[in-house]
Structures are given as structure tokens and as C-alpha cells.
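Note: hydrogens, waters and symmetry copies are ignored here, and every other heavy atom, side chains too, is used. Below, chain A is the first sequence line, B the second, and so on; all start at residue 1.
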2 protein chains.
Amino acid sequence: MTETTQHPTPAEPGADAPCTGASGPGAPAARDGVRAPGRPRSERAEKAIIDAVIDLLAEESGVAGVSIEAVAARAGVGKTTIYRRWPNKEALIVHALATMKGPLPQPSGASVREDLLTLARGLRSERARKRIQCFWNVVGAAEKHPELYDRYRQDVIEPRREVFRDVLRRGVRTGEVRPDVDVEAAVAMLIGSLTGRFPTERQPDDFPDAVVDTLLRGIAAGAS
Amino acid sequence: MTETTQHPTPAEPGADAPCTGASGPGAPAARDGVRAPGRPRSERAEKAIIDAVIDLLAEESGVAGVSIEAVAARAGVGKTTIYRRWPNKEALIVHALATMKGPLPQPSGASVREDLLTLARGLRSERARKRIQCFWNVVGAAEKHPELYDRYRQDVIEPRREVFRDVLRRGVRTGEVRPDVDVEAAVAMLIGSLTGRFPTERQPDDFPDAVVDTLLRGIAAGAS
DNA sequence: TCCTTCCGAAACGCAGTCGTATCGAAGCCG
DNA sequence: CGGCTTCGATACGACTGCGTTTCGGAAGGA
């Protein structure tokens with residue numbers, strides 16, 4: 001032990017920007033095809049850790065409710081196994097959130113109404129609900145953990161909003177949507193109405209349909 | 001000191017349900033016209049405490065970010081002064097939230113569009129922003145503090161939604177709004193779009209106008 | 001004036017969390 | 001088998017927050 005005990009990163013002799021960049025766990029010393037000596041890191045443990053973080057973030061009361069010890073207990077893992085991969089709590093949460101990117105929804109393109117219905121109903125899926133719940137809690141901590149908020153917004157939320165925008169812009173080209181539509185307002189109305197009151201309040205099953213049709217037709221009398 | 005040191009509530013001989021009901025601070029022993037002996041409680045301190053709670057709840061990261069010690073420091077008050085009035089942190093926050101009820105907005109009734117614009121623009125006021133910010137954080141902690149969430153929702157949020165509903169229902173009667181409108185969907189679209197993306201993201205100044213007009217006219221081509 | 005209550009400040013015991021360190025056991029490779 | 005690393009468990013010191021208690025002093029009523 002000459003001077004290597006500063007960071008959990010094991011060997012990795014040169015040019016390793018410390019893993020505080022938080023886009024991934026500390027590499028287990030295998031960069032190229034070079035096999036690292038010793039016991040390899042358990043991929044199973046890593047997945048369990050990330051799942052535990054996401055579950056806790058969605059269920060517990062915000063970022064402050066996610067403690068390393070709770071994560072370790074829930075994942076059935078020692079704290080050592082966590083700190084060997086991430087330098088601190090914030091990096092762990094950032095990485096866990098990044099894994100929620102997942103595949104974007106792909107609307108069929110049959111019609112604007114069909115596409116919006118698909119997207120709106122998709123916001124009720126198990127995975128989407130968890131994503132929205134995490135968003136609530138991350139937003140709540142936005143002032144204290146701005147990096148967390150920015151990254152989650154950019155990586156997870158914004159791409160999904162962009163899918164909504166694309167549907168509307170395509171509708172303008174096909175003539176289904178009036179050309180002077182305010183895309184930002186319309187997207188905010190769709191997403192905001194479907195994600196705004198989640199936690200305990202139940203919405204009727206056809207709420208997405210009602211929102212989409214209200215948006216399309218408007219509420220003023222005299223419109224078709 | 002015979003047996004009275006169990007509760008901060010000072011004298012108050014009989015039939016005092018302890019103040020844990022959390023709808024108000026422990027009364028300083030003056031119930032009817034009976035003046036309590038000794039120095040009366042400082043009203044100034046009480047206001048400072050409640051303001052501090054609301055500010056912290058809006059700015060800090062959620063309910064967990066509001067600590068009694070932070071409240072005391074921010075209000076320039078000793079912790080004793082807090083615990084003499086409320087039995088614990090949750091009761092304090094519940095009471096502080098209840099004070100945000102304030103007066104409801106009173107739309108003019110000139111037209112549905114005017115009323116909705118007034119209400120929508122009102123959501124950008126200083127006070128409304130703080131209310132919304134608190135709502136974010138209270139919702140985030142809904143699973144851990146359900147009483148907090150329920151009470152805030154009932155006392156503060158729901159009455160304001162009801163004002164929106166009233167405007168729409170009146171519009172149906174006057175013929176300004178189509179009779180088959182889904183009031184819940186329309187209200188959710190208005191409020192959700194205007195409160196959904198607050199914290200750091202800025203909206204253009206005419207965003208409430210865009211939302212109201214989009215809601216009224218719809219986005220489908222062919223409508224007026 | 002005397003008496004009661006409230007005031008702010010400080011310290012306490014207790015519990016929870018962070019990040020580190022240490023332990024014996026186990027997995028993988030040569 | 002022997003060297004390497006990771007594994008889960010446990011304990012540690014430092015810190016923070018809660019809710020209580022004690023303290024000297026101030027404010028108001030009788």
C-alpha cells in the first residue's frame with residue numbers, strides 16, 4: 001500500500017479520471033481485452049443495487065429517503081459492494097436514473113389521434129408510473145441536487161417529450177393538425193394532465209382518451 | 001410539579017384533547033374570555049415560524065429537508081418556542097400548510113376565456129409559485145406522510161381546482177363551452193400544463209394564453 | 001412589587017446516515 | 001494449490017436531526 005488507498009478503484013494504473021463522472025460504475029480494471037485478475041464483480045449484485053435505488057426513489061420520500069444502507073439492505077448486498085462501484089450516493093443515483101432511459105415508444109403513424117392515444121395510454125404502464133414517480137421526487141430535490149435533475153431531465157424526460165412533439169409536427173404536415181398550433185403548449189397539456197395528480201388519486205381508465213379528444217376538439221362551443 | 005410535565009400544554013386543567021390534532025398550535029391556556037396568567041405567547045414568533053416552514057418547504061428538498069433546527073434558525077427563534085406550540089415536526093408542517101389556504105381567486109365572469117386567462121396567469125404569481133413548489137415536495141413525501149398530503153390536497157389544492165371547474169360549468173350554461181365537455185380532463189390539462197415543469201425551466205410569458213387558447217380551440221385542423 | 005409564563009440559548013441522550021476499515025469466506029486464473 | 005479480487009457482515013468515528021431539559025432573563029397581570 002504505497003499510495004493507492006485513496007480511491008476504491010482497484011488497480012487501473014494510469015489515466016483514470018475517477019469515476020465521479022457518474023455515468024457508470026468504477027470499472028473492474030478490465031479495459032481492453034485484458035482480463036482482470038481475481039474474482040470478477042458480480043453483475044447480479046449490480047443489477048440488484050440499481051433496482052433497489054429506483055424502487056426506493058419511487059416509493060420513498062425523495063432523494064433524501066434513499067440511504068445507502070437502505071439500498072444495501074434491499075438489494076441483499078454489503079455496503080462495500082456499493083462503494084466499490086460508486087464514490088458516493090449522488091453518483092449512484094445519477095447512474096441508476098440513467099438506466100431508466102430504456103427504449104422510446106414508437107407510435108404507429110396511422111393517425112395523430114391514434115398516436116397520441118398510444119402515447120397517452122403508455123403513461124399508465126408500470127414502468128412509466130415508476131418513471132413519473134421518480135421524476136416527482138427528483139424534481140423535489142432539484143434545488144439541492146441540480147446535477148441529478150438536469151441529467152434525468154435530459155436523458156429520460158426530454159427524449160420522451162420529443163416523441164410527442166414529433167407526432168404533432170407530423171400532424172401539421174399531413175394536415176391533421178392546424179398549422180398555427182403551439183406545440184409546446186399542447187405537449188405540456190397532454191403530459192401535465194396525465195402525470196400531475198398521480199400518487200394516490202385514481203383516474204378513470206379512459207382518462208387518456210378524454211384528454212386526447214379534448215385537446216383535439218377543444219372545449220369551445222361551435223367547433224366541430 | 002405534580003404530574004403536569006407530560007405535555008408542553010401549560011395549565012389548561014380539564015378536557016384538553018392534546019394538540020396533536022394538528023389543526024392549530026397548542027392554545028396558550030386562554031379558552032373562553034379567561035385571560036391566561038403570565039407572559040402571553042409572542043404572535044410575532046409564531047408567524048416567523050410558519051413563514052420559515054413554508055419557505056423551507058418550498059426551497060429545500062422536500063419534507064425531509066425541513067428540520068426543526070433549520071426552522072428555528074431561520075425564524076430567529078429557540079426550539080423551545082416551537083415545541084411549546086406543536087408536538088412534533090409533522091404537526092407543525094400540517095399547520096403551516098393549512099395557513100396557505102388564503103383567499104380563493106375570484107374570476108370576473110365576463111367570459112370563459114377571460115376567466116380562464118385570469119386563473120391561468122394567476123398561477124404565475126409569487127404566492128402561487130410557492131404553493132406549487134410546496135405541492136411538489138408534499139407529493140413527493142405522500143407515501144411517507146399521507147396525512148400531510150391528504151390535508152394539503154383537501155384544504156389548499158382542491159378548492160382552487162373547484163374554481164376552475166365552476167368557470168367551465170358556467171360556460172356550459174351560457175353556451176360558451178360545448179355541453180359534452182369533460183370537465184376533469186380540461187381542468188387537469190390547464191393546471192397540469194402550467195404547474196408541471198416549474199423549477200428551473202422557464203416558460204414564455206404568454207404561455208398561459210397559449211394554453212387557454214389551445215384548450216378552447218383544439219388542435220385539430222378544420223375547427224374554427 | 002410578586003408571580004406566572006414565555007423567551008432564546010445551550011446542552012443532553014438517542015437514533016440514523018455517511019464513508020471507511022477490517023474480517024473470514026468464496027470465486028476465478030495460472 | 002497460491003495469488004488475486006470481490007463477497008457480505010460488522011464496527012467505527014463523525015455528523016446531523018429529534019425531542020427534552022435546564023438556564024438566566026424578559027414581559028405582562030395582579
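The pair E69(B)-R74(B) does not meet the salt-bridge criterion, since no charged nitrogen lies less than 4.0 angstrom from a carboxylate oxygen.
Taking the six-membered ring where the residue is Trp, F135(B) and Y152(B) present tilted rings, their angle falling between 30° and 60°.
A straight line from OH of Y83(B) to C1' of dG17(D) spans 8 Å, rounded to a whole angstrom. Here dA11(D) presents its P atom at 12 Å from NZ of K79(A), a figure rounded to the nearest Å. The distance between atom CZ of R84(A) and atom P of dT22(C), rounded to the nearest whole Å, is 14 Å. To the nearest angstrom, P of dT20(C) lies 9 Å from CG of N88(A). Summarising the geometry, the separation between CH2 on W86(B) and P on dC6(C) is reported as 13 Å, rounded to the nearest angstrom. Rounded to an integer number of Å, the gap from I82(B) CD1 to dT21(D) P is 17 Å. One can place CD1 of I49(B) at 11 Å from C1' of dG8(C), the figure rounded to the nearest angstrom. Rounded to whole angstrom, the span from the CD1 atom of I68(B) across to the P atom of dC18(D) amounts to 6 Å.
Both E43(A) and E69(A) sit near DNA chain D, but only E43(A) has its closest nucleotide nearer the 5' end. If T80(A) and A70(A) are placed on DNA chain C by their nearest nucleotide, the residue sitting closer to the 5' end is A70(A).
No side-chain heavy atom of L97(B) sits less than 4.5 Å from a side-chain heavy atom of V156(B). Side-chain contact between Q203(A) and R124(A) is present, with at least one heavy-atom pair separated by less than 4.5 Å.
In plain terms, the two heavy atoms of V63(A) and K89(A) that are nearest each other are O-NZ, 3.6 Å.
Listed pair S42(B) / dC6(C) fails the phosphate criterion, with no side-chain N or O lying under 4.0 Å from OP1 or OP2. Side-chain nitrogen and oxygen atoms of R85(B) include none within less than 4.0 Å of the OP1 or OP2 phosphate oxygen of dT5(C). Side-chain nitrogen and oxygen atoms of R41(B) include none within less than 4.0 Å of the OP1 or OP2 phosphate oxygen of dT5(C).
For S67(B), the listed nucleotide lying nearest its side chain is dG17(D); candidates were dC7(C), dG17(D), dG8(D).
Counting non-hydrogen atoms of other residues, nucleotides and ligands closer than 6.0 Å to CZ of R169(B) gives a total above 12.
Here side chain to side chain donor-acceptor pair (under 3.5 Å) pairs that include residues 96-108 of chain B, with residues two or more places apart or in two chains, are S108(B)-D115(B).
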Interface polar pairs with nucleotides 26-30 of chain C, N/O, under 3.5 angstrom:
| unit_1 | atom_1 | unit_2 | atom_2 | d |
| --- | --- | --- | --- | --- |
| dA26(C) | N3 | R39(A) | NH1 | 3.3 |
| dG27(C) | N2 | R39(A) | N | 2.7 |

